[in-house]
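We name chains A, B, ... by the order of the sequence lines, and we start the count at 1 in each one. Side chains included, hydrogens not; waters and symmetry mates left out as well; all remaining heavy atoms used.
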Number of protein chains: 2
Amino acid sequence: MKWRKNLLEQVNSMEKVRPFSHALDRLRDAGLRPTRQRLALAKLLFDECDRHITAEQLHSEALAGNIRVSLATVYNTLHQFTTAGLLREIVVDAGRSYFDTNTTCHHHFFDESTGVLSDVPDGQLEVSGIPTPPEGAQVESVDVVVRIRAAS
Amino acid sequence: MKWRKNLLEQVNSMEKVRPFSHALDRLRDAGLRPTRQRLALAKLLFDECDRHITAEQLHSEALAGNIRVSLATVYNTLHQFTTAGLLREIVVDAGRSYFDTNTTCHHHFFDESTGVLSDVPDGQLEVSGIPTPPEGAQVESVDVVVRIRAAS
DNA sequence: TTTGATGCAAATTATTTGCATAAGA
DNA sequence: TCTTATGCAAATAATTTGCATCAAA
């Protein structure tokens, strides 16, 4: 049927009305099939710049935006995005994973009272003398977490 | 009954045979009642120096040493020790907590292939320019994790 | 013997997996 | 239509909590 275009065409025509090319391009470039859920989650993640979010938070946002998606799918999608290099997983809290839309090398503040994760502005913090790892291992990354707390 | 001494006396007499004063002193100083389980776990933790261990690992060691203790008690004890300042909790792996018997300020290697956590020797790694935290917050600590992996 | 801390079973929270199904070619 | 990848229910893993019990005084 004529009106039945493939998803790419649909999306291209929709882009004229509402610009979600950003999210779509990212999925395309990563070689991930742009399904409805993925596209919706990508939009939430990448339309604003520089987000730090947990699976639970993203799931809430999706539901609030009338996107029907299970928490498991949110987890799976976040991990797929991470594997594809679209996200970076940040470990700051035992028993909760945060995902960062900024995948470049940078460091974090973690507010232990509120659970809010934020970026340390570039150029403020320097790590020098990265140590020689034990025999036979290579350094993958050097992660710095500045733990903060509301002043008492 | 005469033979029924209190725990302190028992322990003092046993010390002549087997030296676990180290573990006992630590509990005493921290104001924690030296119960059988706590004393046994403290012995495992503090008799060797500088251990990095998960709850699961410590539980296994306890069972191997014929110490009947539940995993929940191991968790509770690890947290009590941490609150008392005897241990430091290290967050390196989403969904698993490590505890470090070295509570002084230092940094870590985390081997992502094996899950082994180890200390970065003092003096090799320097962090400079600790950034100003967001308004109203104060810095609690600056944690550096050097993630390593077996060379491919 | 009394009392309050303790230790564990059961509950909770966070995350992963297997497989029926829907989506794209 | 025909796969193959997808999304979710159910399972698993990690950790916490409430309360009966035990140990110290």
Q.
Rounded to the nearest 0.5 Å, what separates atom CZ in R38(B) from atom OG1 in T73(B)?
A.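 That separation rounds to 10.0 Å.
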Can you give each donor-acceptor pair under 3.5 Å made by side-chain atoms of residues 53-66 of chain B, sequence neighbours left out, with the distance rounded to 0.1 Å?
unit_1 : atom_1 : unit_2 : atom_2 : d
T54(B) : OG1    : Q57(B) : N      : 3.1
Q57(B) : OE1    : T54(B) : N      : 3.1
H59(B) : NE2    : V69(B) : O      : 3.0
S60(B) : OG     : E56(B) : O      : 3.1
E61(B) : OE1    : R51(B) : NH1    : 3.0
E61(B) : OE2    : R51(B) : NH1    : 3.3
E61(B) : OE2    : R51(B) : NH2    : 2.7

Q | Presence of salt bridge, R28(A) and D25(A), under 4.0 angstrom | A |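 Looking at R28(A) together with D25(A), the answer is yes, because their closest N to O distance falls below 4.0 Å.
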Q | Residues forming a side chain to side chain donor-acceptor pair (under 3.5 Å) with E89(A), sequence neighbours excluded | A |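 Side chain to side chain donor-acceptor pair (under 3.5 Å) list for E89(A), sorted by chain: S97(A).
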Please report, rounded to the nearest Å, how far the [atom2] atom of [N] is from the [atom1] atom of [X].
{"X": "L32(B)", "N": "dA5(C)", "atom1": "CG", "atom2": "P", "result": "12 Å"}
{"X": "R36(B)", "N": "dC8(C)", "atom1": "CZ", "atom2": "P", "result": "12 Å"}
{"X": "L58(A)", "N": "dA14(C)", "atom1": "CG", "atom2": "C1'", "result": "16 Å"}
{"X": "R68(A)", "N": "dG7(D)", "atom1": "CZ", "atom2": "C1'", "result": "12 Å"}
{"X": "L63(A)", "N": "dC8(D)", "atom1": "CG", "atom2": "C1'", "result": "14 Å"}
{"X": "L41(B)", "N": "dC8(C)", "atom1": "CG", "atom2": "C1'", "result": "14 Å"}
{"X": "R38(A)", "N": "dT4(D)", "atom1": "CZ", "atom2": "C1'", "result": "12 Å"}
{"X": "L27(B)", "N": "dA5(C)", "atom1": "CG", "atom2": "C1'", "result": "14 Å"}

Q. Transitive ILVMFWY cluster of V91(A) at side-chain heavy atoms under 4.5 Å: who else is in it?
A.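 Reading the cluster by chain and number, V91(A) sits alongside V91(B).
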Q: If you link ILVMFWY side chains whenever their heavy atoms are less than 4.5 Å apart, which other residues fall into the same cluster as V142(A)? By chain and number, please.
A: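 Besides V142(A), the hydrophobic cluster comprises F109(A), V120(A), L125(A), V127(A), I130(A), V139(A), V144(A), V146(A), I148(A), F109(B), V120(B), L125(B), V127(B), I130(B), V139(B), V142(B), V144(B), V146(B), I148(B), listed by chain and residue number.
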Under a 3.5 Å distance rule, please check whether [X] uses its side chain to pair with a backbone N or O of [Y] as donor and acceptor.
{"X": "H79(A)", "Y": "T77(A)", "result": "no"}
{"X": "S141(B)", "Y": "D143(B)", "result": "no"}
{"X": "T101(B)", "Y": "L45(B)", "result": "no"}

Q. According to a strict under-4.0 Å criterion, is T35(B) in side-chain N/O contact with OP1 or OP2 of dG7(C)?
A.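 True: T35(B) side-chain N/O within range (under 4.0 Å) of dG7(C) OP1/OP2.
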Q: State whether R33(A) places a side-chain N or O below 4.0 Å from either non-bridging phosphate oxygen (OP1 or OP2) of dA23(C).
A: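 For dA23(C), neither OP1 nor OP2 has a side-chain N or O of R33(A) closer than 4.0 Å.
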Q) Contacts to DNA chain D from residues 70-89 of chain B, heavy-atom cutoff under 4.0 Å, which residues? A)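 Residues of residues 70-89 of chain B under 4.0 Å from DNA chain D: L71(B), A72(B), Y75(B), N76(B), H79(B).
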Q) What parts of residues 93-100 of chain A reach DNA chain C, counting only heavy atoms under 4.0 Å away? A)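 The answer is G95(A), R96(A), S97(A).
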